[in-house]
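Chain letters run A, B, ... following the sequence lines, proteins first, then strands; residues in each count from 1.
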Protein chains: 6
Amino acid sequence: MELSARNQVKGTIREIKIGSVMAKVRVEIPGENVINSMITIDSVEELNLKVGDEVFAVIKSTDVMIAK
Amino acid sequence: MELSARNQVKGTIREIKIGSVMAKVRVEIPGENVINSMITIDSVEELNLKVGDEVFAVIKSTDVMIAK
Amino acid sequence: MELSARNQVKGTIREIKIGSVMAKVRVEIPGENVINSMITIDSVEELNLKVGDEVFAVIKSTDVMIAK
Amino acid sequence: MELSARNQVKGTIREIKIGSVMAKVRVEIPGENVINSMITIDSVEELNLKVGDEVFAVIKSTDVMIAK
Amino acid sequence: MELSARNQVKGTIREIKIGSVMAKVRVEIPGENVINSMITIDSVEELNLKVGDEVFAVIKSTDVMIAK
Amino acid sequence: MELSARNQVKGTIREIKIGSVMAKVRVEIPGENVINSMITIDSVEELNLKVGDEVFAVIKSTDVMIAK
């Protein structure tokens, strides 16, 4: 299955912080950059996410801003 | 001025496609990754964005999904 | 590859309207409901979307509001 | 009052999980589909949402992706 | 019908620019502030939006960032 | 550094509620209006946000709906 959200950046999970209903997942991507993702704790469990996992940070293009 | 959206990934604009009210801005980031951004043509003009510009792709954490 | 966005509703594409950089994709889902999606024309081409295709409308939970 | 977000899918609340500042609301829609919504606990209180309520899941079209 | 998105700021439409599938709606709010909204041209037509209309700009809390 | 999100409304922080991973920030803007923002607790700490601070509520145009 392919997704219309074409921004898919490969990285490694460096931190997972579980909250009450949301969780923070910190992903390190190339160039010493970091992408933080806030997803539901349900998704963390269902995808069985763990520190060290290779994942993709996926972002819909309409959610990306530009700063200059 | 500092922004709460902490996902700010540095890159270079490789393509700008101007539509009727929206524009596509393609940004190359480290690791041969690409981030596409859909913003208003007003923003493209006001920031005076051009191919070759060094910019930041800025994303709110709640808009980032994880794929595994 | 599995996605953290767990809202994935199966339906059938009933209309595609190609704009200058964005496209509207109208998906009919069960119960005579309709979900409209605005995605880039690049995604329409790369996924080779056509009227009649069986697809999933995918939505991140933080983007869903409730009305009562 | 009418809203520009035209994706409004009727369903029934099957679960509410109250977190510290956010809450998860699980809505069952036709075709045995489920839509999860993450909203503020303030909204849950002000709308007085309860399991069993008939509600609408409301989604802006620019927040809907397509998977094929 | 009440909506979980509690950010509803009253204003007056000062400009509508119709694109190919999206439209820009510029709303003037108190304090000489302006809110721009990008919605589908379908919504502009179905709500029969016109310059001079009193409307509400509606924003989900998870889509609001803070700059300081 | 300038941002493509042109909706930047000045206001004053009236309440901060810290959750487990997310926080609610309530900002009073002109015209007795209120804008609620849900951001990460990391952002609250890194921007050192406090009640009484003058800040901007920043919103991408594609995230603004219209109600009439």
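- To the nearest 0.5 angstrom, C/I59 atom CD1 is 11.0 Å from B/M65 atom CE.
- Using a 4.5 Å heavy-atom cutoff, the side chains of C/I41 and B/K17 are in contact.
- Shown here for B/A67 and C/L3, the closest heavy-atom pair between the two residues is CB-CD1, 3.9 Å.
- Counting heavy atoms of neighbouring residues, nucleotides and ligands inside a 6.0 Å radius, atom NZ of C/K50 exceeds 12 of them.
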Q | side-chain contact (heavy atoms from CB on, under 4.5 Å) between B/K24 and C/T40, intermediate numbers included | A | CA-CA 8 Å; B/K24 181 184 79 171; C/T40 61; 5.5 Å; no
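- Using a 3.5 Å distance cut-off with no hydrogens or angles, the side chains of B/T62 and C/T62 do not pair a donor with an acceptor.
- One finds no salt bridge joining C/K60 and B/D63 here, because no Lys/Arg side-chain nitrogen approaches an Asp/Glu carboxylate oxygen to under 4.0 Å.
- Note: B/K68 NZ to C/M1 CE = 12.5 Å, rounded to the nearest 0.5 Å.
- Without hydrogens or angle criteria, C/S20 side chain to B/S20 main chain gives a donor-acceptor distance under 3.5 Å.
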